[in-house]
Amino acid sequence: MLIPLPHPFPWVASDIALGGLFLVGIYKYFNQEIARRHRVEKELRQQTERERLVHQIAQQIRQSLDLDEVMATTVEEVQRFLQADRVLIYRLWDNGTGCAIHETLLPPYPTVLGQTFPEEVFPQEYHQAYSLGKTRTITNVDQEDIEECLADFVKQFGVQAKLVVPIIQEYREADSQAAVNSHPYLWGLLIAHQCSHPRQWQGWEVDLMKQLATQVAIAIQQSELYHQLQQLNSQLEQRVQQRTAELATANASLRAEIVERQRTEIALRHTNETLQALVTASPRAILMLDLDGQVKIWNPAAEQMFGWTEAEVRDRPSPIRLDEPLEDCATLQGSVLQGKTYTRVELRRAKKDGTGVDLIFSAAPLLDTNGQISGIVAVIADITEQKQQAEQLRLLQSVVVNTNDAVIITEAEPIDEPGPRILYVNEAFTRITGYTPDEVLGKTPRILQGPKTDRTELQKIRTALARWESVTVEVINYRKDGLEFWNEFSLVPVADAKGCYTHWIAVQRDTTARKRADEIRLSLEREREISTLKTRFFSMASHEFRTPLSTALAAAQVLENSQDEWHNTEKRLRNLRRIQDSVNNMVQLLDDILTINRAEAGNLAFNPKPLKLERYCRHFVEEMRLSAGTHHILTFTCQGKSYPINLDEKLMHSILSNLLSNAIKYSPQGGHIRLTLEFQPNTVLLSVQDEGIGIPLEDQQRLFEPFHRGKNVHTIPGTGLGLVVVKKCVEQHQGTIHIISEVGIGTTLSIAIRRVI
Ligand code: ATP
Ligand code: MG
């Protein structure tokens, strides 16, 4: 404030006074102007600072969603800006109490942070005013008219002046019409305390506090929204997770359902295909008719059984009529369509070609998916053949029952003791054996055997049974009363359809009478044969004797009647040699006949002794070589490791001399004659090989008949008994003879004798 001073020169007072007044006026004006400008400037600065603060806090609110951080900054900045001693944010709880939740404080004043303010220091009536946006300024706690309790309360924290602005929030709730209602409520307070001195709060300070409270309110809202959003987000996330899990579960069960459905479809298809295949492959005719009796299925077996093809009958009335009355007057078709099932109905129907066929029907109603009868399915078997077979069987049975031959049917096994069991015997069996069916069923046919039953024949049966072969034998059997009877029976194995033998059938006949007849006939025949053989033998023998006898007789007569022949020494000797040769031949002939005769009568002497066969043969060949002359080359070879063997030396001599003399005799042009002896482990093999005339094939079969000679022998002398003698001698040693011969090439005769240890 400028104080006007007295003028020092009064004479010039008027002008000067005017000038002075003018100057004073100007001065004053300038002073005022400067002060105004200072004030404006200060106000501008404060306003700028205020705006900066508001802007900074607003900025922070925008940048941070952390409410604590916003509130902490707010109280700090307000304290700094207002130079207050304490700035706090007071949170009002629903029960009317409250608490300082943020504070900035200058020392040495005590903190109020965390203190709970009782309800009476902040009564309910204030809430209303604050909710409506009222502020409160207290310049001096001591002087102002404030509640005592509040004054006391704030004084304990050193408060002298305070500025309180509300922080207001809004309730937002949706009503039943889905409109959103909102009303303000008091969230808390922004409070500035001055403790050092009373303070007159300026209007802009109040405005600043209000603006900042509004920013804090926004921050609170923003933070709450953020928290709600976070909550919603997490709820949403939870719901998404839950929904995802539900979807995954639903998906899995859907997949399982799809898989199951696919499986069911496959199974269904498989069942359909199986059914189709069954219908197609069934050996029984399968027909399916609809409600009107029209054919829907007619399988290949039906085509074959009745002659109509599927194409001919499909969607037409069935040619195999099912609508004809049965015994109970109902028709098969009608009854099945009313729900009846037939398992076995015998019918006779005509085929396409008019011939009859005996059938067995099984028929059942066909149900649709609703369980309603929609048609008939019939399975038909052709039993024509079966019927014929049954008839044939009946006939056969009557044959078996009525025949005069005994018929026995047994099980197939066991072949060994106790033998197969009897399953059936006919009446003839009882007549022949005296046993009734009750007495033999379950027993073995061996009950008919006895001491005189030929064991060899039984062995024959056994062998045949073991090989499942038919066999016919004739043996002595015994009746129930013990009487013997000759039983000729044929055993035949019976196989089932698979070829497995299941039974034996024996047809037996009492051949006792026919025995006897056969035996007599056979012995007569044998006698006749022997007598024929003897006659033939003697006629041939006498014929063979006649030749040397005639020769000897002729020579004797010549010598007797002709002096010349007798006195001519050469001629006499020649005739005498003829007589000697003839006699020798006859002796040889007689020897052979005797040997054969003895052998056939079983009287041929046989004295086997250990013989060193190799040495014996070698010696034999040497002797033979001397008498054979130079025409023939005789060799002997021995193979294998020699061992002593039991042989009859006399018979061996007969064998070797016959074989070697034949080889020499039937090789008139000469040649190589080989005697080979081979010691095999269990057999001795003796063979004589020549390069002579050979034996024609047709003669080879008959060489061991007495007096039989090859047709190619021409003038070569012989009686045809040598090989018969050889055979008899070999047989005495249980040996065998084998001939290989080719006409013009040569002959090999081999003898095999088993080594008996
Ligand atoms: P014999 O009683 O004097 O021996 P055979 O030689 O005629 O008279 P076998 O020895 O029994 O009688 O022989 C019978 C027949 O077999 C002979 O007549 C001859 O046809 C034929 N035969 C036997 N051995 C030979 C052989 N090595 N080569 C050709 N033919 C043979
Ligand atoms: Mg001979």
Side-chain angles (χ1 to χ4, degrees), residues 536-549 551 580-600 604 620-621 624-625 627-629 631-636 651-676 686-732 735-751:
R536 198 168 135 243
F537 184 83
F538 284 116
S539 85
M540 293 191 80
S542 54
H543 174 78
E544 291 301 326
F545 276 111
R546 191 165 290 139
T547 312
L549 274 174
T551 309
Q580 280 172 354
D581 285 350
S582 295
V583 171
N584 282 339
N585 276 346
M586 281 188 287
V587 169
Q588 180 63 45
L589 192 62
L590 268 175
D591 273 354
D592 285 350
I593 288 171
L594 278 173
T595 306
I596 294 164
N597 204 36
R598 279 193 199 118
E600 276 183 353
L604 185 63
F620 206 102
V621 169
M624 223 37 189
R625 212 178 267 142
S627 60
H631 244 56
H632 300 90
I633 301 164
L634 258 76
T635 57
F636 168 71
L651 300 188
M652 281 312 290
H653 185 276
S654 189
I655 292 169
L656 277 178
S657 65
N658 268 303
L659 295 185
L660 282 169
S661 64
N662 274 355
I664 293 166
K665 188 163 68 171
Y666 296 111
S667 311
Q669 76 288 8
H672 196 163
I673 291 161
R674 296 176 175 85
L675 172 66
T676 311
L686 200 60
S687 65
V688 179
Q689 186 186 12
D690 63 49
E691 297 167 347
I693 61 171
I695 308 167
L697 204 61
E698 63 265 34
D699 293 316
Q700 286 182 21
Q701 321 294 328
R702 305 183 57 194
L703 288 185
F704 301 104
E705 290 175 18
F707 308 110
H708 187 88
R709 303 197 66 206
K711 66 175 188 287
N712 58 340
V713 295
H714 305 297
T715 56
I716 301 172
T719 56
L721 285 179
L723 285 183
V724 183
V725 171
V726 169
K727 188 159 186 265
K728 298 292 177 197
C729 296
V730 170
E731 278 171 356
Q732 288 289 34
T736 54
I737 306 182
H738 187 67
I739 299 170
I740 304 170
S741 182
E742 203 175 332
V743 174
I745 302 291
T747 301
T748 304
L749 257 142
S750 307
I751 287 161

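Quick note: residue numbers are just sequence positions, from 1. All figures in this text were calculated on a predicted structure; none of them were measured in a lab. Atoms within each ligand, like the ligands themselves, are counted from 1 in listed order.
Proximity to Thr747 (heavy-atom distance under 4.0 Å) selects the following atoms of ligand 1: 28 (N). Atoms of ligand 1 found under 4.0 Å from any heavy atom of Val713, numbered from 1 in the order shown, are 18 (O), 19 (C), 20 (O).
Ranking protein heavy atoms by distance to atom 2 (O) of ligand 1, first place goes to Thr719 OG1, 2.6 Å. In this structure, atom 16 (O) of ligand 1 lies nearest to the protein heavy atom Leu703 CD2, 3.5 Å. Given atom 7 (O) of ligand 1, the protein heavy atom at minimum distance is Arg709 NE, 2.6 Å. Protein heavy atom at the shortest distance from atom 29 (C) of ligand 1 is Tyr666 CB, 3.2 Å. Among protein heavy atoms, the minimum distance from atom 14 (C) of ligand 1 is reached at His708 O, 3.7 Å.
At a heavy-atom distance under 4.0 Å, only side-chain atoms of Lys665, from C-beta outward, approach ligand 1. Here Asp690 has side-chain heavy atoms under 4.0 Å from ligand 1, and that is the only part of it that gets that close. Residue-level proximity to ligand 1 for Asn662 is carried by backbone and side chain together, each with a heavy atom below 4.0 angstrom.
The OG1 atom of Thr547 sits 10.0 Å away from the CE atom of Met586 when rounded to the nearest 0.5 Å. For the atom pair Leu686 CG and Leu656 CG, the distance stands at 5.5 Å (nearest 0.5 Å). Interatomic distance, CZ of Arg598 versus CD of Glu600, reported as 13.0 Å (0.5 Å rounding). Atom CE of Met652 and atom CD of Gln732 lie 13.0 Å apart (nearest 0.5 Å). Here the straight-line distance linking atom CD of Glu705 with atom CG of Leu723 works out to 12.0 Å at 0.5 Å rounding. Interatomic distance, CD1 of Ile740 versus CD1 of Ile745, reported as 13.5 Å (0.5 Å rounding).
Counting all heavy atoms, side chain and backbone alike, Ala541 lies closest to Leu589 at O-CD2, 4.3 Å. Nearest heavy atom pair, residue Ile716 against residue Tyr666, reads CG2-CE2, 3.6 Å. Here the shortest heavy-atom pairing between Ile693 and Pro668 reads CG2-CD, 4.0 Å. Nearest heavy-atom pair, Leu651 versus Leu604, reported as atom, atom and distance to 0.1 Å: CD2-CD2, 4.3 Å.
Applying the side-chain hydrogen bond (donor to acceptor under 3.5 Å, both in side chains) test between Asp699 and each of Lys711, Arg709, His708 identifies His708 as the sole match.
Considering backbone and side-chain N/O atoms, Gly710 comes within less than 3.5 Å of an N/O atom of ligand 1. Close N/O approach between Leu723 and ligand 1 is found [any backbone or side-chain N/O within under 3.5 Å]. Among the atoms of Ile695, none of the N or O lies under 3.5 angstrom from an N or O of ligand 1.
For Gly720, the heavy-atom gap to ligand 1 drops under 4.0 angstrom.
Protein N/O/S atoms found under 2.8 Å from the Mg ion (ligand 2): Asn662 OD1.
Residues Asn584 and Gln588 bring no donor and acceptor atom of their side chains to less than 3.5 Å of each other.
Within 6.0 Å of NE2 on His543 lie no more than 12 heavy atoms contributed by other residues, nucleotides or ligands.
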